[in-house]
Amino acid sequence: MIFENIKSAPKDPILGLTSEFNNDNNKKKVNLSVGVYQDNNGVTPTFESVLNAEKILLDKNYSKSYKPIDGDQEFLSESIKLVLGDSIYNNNLSFGLNTPGGTGALKLVSEFLVKFSPKSSVWFSNPTWANHRPIFESSGFSTKEYKYLNFEKNNVDFPSMISSINNIPDGDIIVIHGCCHNPTGADLSSDEWTELSKIINKKNIITICDFAYQGLGSGIDEDAEGIRILSKNLDDLFICSSYSKNFGLYSERVGCLIYTNSRNRNTDNLLSQLKKTARTIYSNPPAHGSDIVREILQDDNLRVMWESELKILRERIQTMRISLDSNLKELKCSKDFSYIVNQKGMFSFTGLSEKDVEKLKKDYSIYIVNSGRVNIAGITTNNVHYIAESINKVTSY
C-alpha cells in the first residue's frame with residue numbers, strides 16, 4: 001500500500017517556528033518569523049476602510065454566484081491602475097486575472113509558462129522568498145539563482161546582479177521582487193531598474209515581477225516605480241500582485257496576475273490560455289476580498305481612509321527600524337546594524353548567523369528564520385529593547 005510508505009513532509013521553515021513559539025512558556029517570547037503585520041500591541045488589525053467596505057457590500061446584497069474565471073472586471077481595472085498608474089494603464093495592452101492571493105498568481109503564471117516554455121529555467125534572486133522555488137519546481141521547472149545581495153553590507157550588489165543576469169540564457173524566466181524585497185528589504189534604485197530592464201529586454205528573458213508589498217516601503221506610487229519602468233521598457237511583463245499586506249486581507253486570499261506589453265500585441269489568445277489554466281487549478285476566484293478592494297479603490301472617501309491607514313503601517317515599520325538600530329547603538333553592539341534603517345518593507349535581512357538565530361531562540365525565546373530574516377512589524381515599543389539586548393548578547397560572544 002502506498003499509504004504505508006508515505007513519510008512526513010519537512011516542516012515549513014516559518015510555520016514550524018510558529019508552532020515552537022506557541023509552545024514556549026517564556027513571557028518575554030517574541031515571534032519575528034511570520035510575515036504578517038502587527039500593530040504596537042502585537043495584533044494584526046482589520047483596516048477601518050475594510051470594515052466600512054464590508055458594510056457597503058452587505059447593504060448591496062451581492063449574489064454569491066461564481067465570478068468569471070478571470071474575476072470581476074471593475075476589480076481588475078482598479079488593480080491594474082493601482083499597479084501601473086493611470087498614465088501608463090492601457091486597456092488594450094494589459095489585462096488581469098483575480099487569483100487566490102499573490103501565491104495563486106505565481107502558481108497560475110508558472111503553470112501557464114510550463115506549457116509553452118517547458119525547457120526554460122526559472123531564475124530567482126539569492127536569497128529569495130522561501131516559497132518561490134517550490135511553486136515553480138512543482139510545475140516541473142528547473143530553478144537557478146542570480147546574485148543579488150552583498151551579504152557583508154546587506155545591500156544590493158548591483159554589479160554582480162547584472163553580471164549574473166547577463167549570463168542567463170535567452171528565453172529563460174526571471175522572477176524579480178517589485179519592492180520591499182523579501183527576505184532582505186534591499187531594493188533597487190530608479191537608475192538600477194532602468195539598466196536592469198534594458199538588459200532583460202535585450203536578452204529576451206521572460207519576466208515575472210512578484211509585487212506583494214505595494215505601499216509598505218516608501219509609498220503607493222513610489223513602490224511601483226520599478227514595475228512601471230519595467231512595463232515601459234520590456235516587450236512583455238507578468239506582475240503577481242497581492243492585497244494581503246497592504247489591505248490586511250490575509251485570510252481573504254486576494255491577488256491579481258497582471259500581464260502588460262509594449263508591442264501592441266493582441267492579448268486575446270494569451271488571456272484565453274491563462275483562463276484555461278486557471279480553470280484547472282481553482283476554476284473561479286474567491287470574491288469577497290476582491291469586492292472589498294474594488295469598493296475601496298472606487299470610493300473616494302474609502303480610498304483616502306485606506307491610504308491613511310496604510311501610511312500608519314508604513315511609518316510604524318520605519319519607526320521600529322530606527323528604534324532597533326538606536327537601541328543597538330546605545331548598547332554599543334559590536335556589530336553595526338545601521339543598514340536596517342535603509343531597508344524597505346516588513347522584512348530585514350539582519351546578517352545574523354544560524355548560530356546567532358539558534359541562540360536567540362534557545363536562550364531568549366526570540367524566533368527568527370535561519371537566514372536571519374526578521375519581520376520588523378513584530379517589533380514593538382514594548383519589546384524592542386529586549387530584542388536589542390538579546391541580539392547584542394548573542395553577537396558579542
Side-chain angles (χ1 to χ4, degrees), residues 32 34-39 44-45 47 79 81-85 88 102 105 125 127-129 132 148-150 153-158 161 175-194 196-197 208-231 239-250 254-256 258 293 297 303 306-325 337-350 373-379:
L32 299 179
V34 177
V36 175
Y37 177 81
Q38 298 168 31
D39 63 19
T44 300
F47 287 23
S79 294
K81 286 188 286 186
L82 182 69
V83 172
L84 295 180
I88 299 175
S125 63
T128 194
W129 179 43
H132 270 152
Y148 186 79
L149 191 72
N150 181 323
K153 297 180 179 180
N154 278 284
N155 57 17
V156 179
D157 184 354
F158 191 67
M161 177 185 180
V175 176
I176 300 171
H177 298 241
C179 72
C180 305
H181 185 279
N182 180 6
T184 71
D187 286 350
L188 301 179
S189 69
S190 176
D191 289 342
E192 288 170 342
W193 276 113
T194 300
L196 174 65
S197 66
I208 302 167
C209 205
D210 189 353
F211 197 42
Y213 304 98
Q214 184 179 10
L216 288 171
S218 300
I220 294 170
D221 290 322
E222 293 88 343
D223 291 347
E225 183 181 30
I227 292 272
R228 294 172 187 179
I229 290 171
L230 291 179
S231 70
I239 304 162
C240 300
S241 186
S242 170
Y243 295 98
S244 294
K245 275 76 176 178
N246 56 8
F247 279 78
L249 292 170
Y250 299 95
V254 193
C256 189
I258 297 169
V293 172
L297 294 180
R303 174 76 181 244
W306 167 65
E307 290 188 9
S308 176
E309 291 178 292
L310 184 57
K311 183 181 179 183
I312 291 171
L313 265 66
R314 182 170 64 245
E315 291 181 346
R316 195 189 91 74
I317 290 170
Q318 187 59 25
T319 298
M320 287 301 99
R321 288 183 176 280
I322 295 169
S323 181
L324 178 60
D325 180 54
F337 287 93
S338 57
Y339 46 79
I340 289 176
V341 176
N342 297 321
Q343 295 166 346
K344 301 290 185 183
M346 284 174 51
F347 301 112
S348 173
F349 212 64
T350 60
R373 185 208 79 171
V374 301
N375 176 13
I376 296 293
I379 302 174

Legend entry - Any donor-acceptor pair under 3.5 Å from Asp187 side chain to Cys180 backbone: yes
Inset, instruction - Return yes if some donor-acceptor pair links the side-chain N/O of Arg314 with the main-chain N/O of Gly345 below 3.5 Å, else return no. - result: no
Inset, instruction - Look at the side chain of Arg373 and the backbone N and O of Gly185, then say whether any donor-acceptor pair between them is shorter than 3.5 Å. - result: no
Inset, instruction - Please step through side-chain contact (heavy atoms from CB on, under 4.5 Å) for the pair Lys344 and Tyr213, ending with a clear verdict. - result: CA-CA 10 Å; Lys344 301 290 185 183; Tyr213 304 98; over 6 Å; no
Inset, instruction - Compare every heavy atom of Tyr250 with every heavy atom of Gly35, then report the nearest pair and how far apart it is. - result: O-CE2, 4.0 Å
Inset, instruction - Look up atom CD1 in Ile376 and atom CD in Gln343, then write down how far apart they are to the nearest 0.5 Å. - result: 7.5 Å
Inset, instruction - List the atom of Phe47, the atom of Lys245, and the distance in Å for their closest heavy-atom pair. - result: CZ-O, 4.3 Å
Inset, instruction - Quick one: pull up CG in Asn182 and CG in Asn375 and give me the separation to the nearest 0.5 Å. - result: 9.5 Å
Inset, instruction - Grab the two heavy atoms, one from Asp210 and one from Trp129, that are nearest each other, plus how far apart they are. - result: OD2-CE3, 4.3 Å
Legend entry - Pairwise distance CD(Gln318) to OG(Ser218) - rounded to 0.5 angstrom: 8.0 Å
Legend entry - Test log, rule side-chain contact (heavy atoms from CB on, under 4.5 Å), inputs Leu149 and Phe349: CA-CA 10 Å; Leu149 191 72; Phe349 212 64; 3.3 Å; yes
Legend entry - Nearest-0.5 Å distance that lies between atom CG in Leu196 and atom OG1 in Thr194: 9.5 Å
Inset, instruction - Would you check if Leu84 and Ile239 make a side-chain contact, meaning some heavy-atom pair closer than 4.5 Å? - result: yes
Legend entry - Reported CG-to-CG distance for the pair Leu216 and Leu310, which is rounded to 0.5 angstrom: 5.5 Å
Legend entry - Minimal non-hydrogen separation, Asp223 against Phe211, with atom names: O-CE1, 3.4 Å
Inset, instruction - Please confirm whether the backbone N or O of Gly255 pairs with a side-chain atom of Ser242, one donor and one acceptor, at under 3.5 Å? - result: no
Inset, instruction - If the plane angle is over 60° it's perpendicular, under 30° parallel, otherwise tilted; pick one for Trp306 and Phe247. - result: parallel
Inset, instruction - Say whether, by atom type as modelled, one donor and one acceptor occur between the side chain of Gln214 and the main chain of Leu82 under 3.5 angstrom. - result: yes
Inset, instruction - Please name the pair of heavy atoms, one in Cys209 and one in Ile227, separated by the smallest distance, quoted to 0.1 Å. - result: SG-CD1, 3.2 Å
Legend entry - Heavy-atom closest pair, residues Ile258 and Ser79: CD1-O, 4.1 Å
Legend entry - Expected output: side-chain Ser231 to main-chain Arg228 donor-acceptor under 3.5 Å: yes
Inset, instruction - Might you work through the side-chain contact (heavy atoms from CB on, under 4.5 Å) test for Asn342 and Asn155, ending with a clear yes or no? - result: CA-CA 9 Å; Asn342 297 321; Asn155 57 17; over 6 Å; no
Inset, instruction - Using a strict 4.0 Å threshold on nitrogen-to-oxygen distance, state whether Arg303 and Glu307 make a salt bridge. - result: yes
Inset, instruction - With rounding to the nearest 0.5 Å, note down the distance linking CE in Met346 to CG in Leu32. - result: 11.0 Å
Inset, instruction - Using distance alone, with no hydrogens and no angle criterion, decide if Thr128 and Tyr148 have a side-chain donor and acceptor under 3.5 Å apart. - result: no
Legend entry - Leu188 vs Met161 side-chain heavy atoms within contact, under 4.5 Å: yes
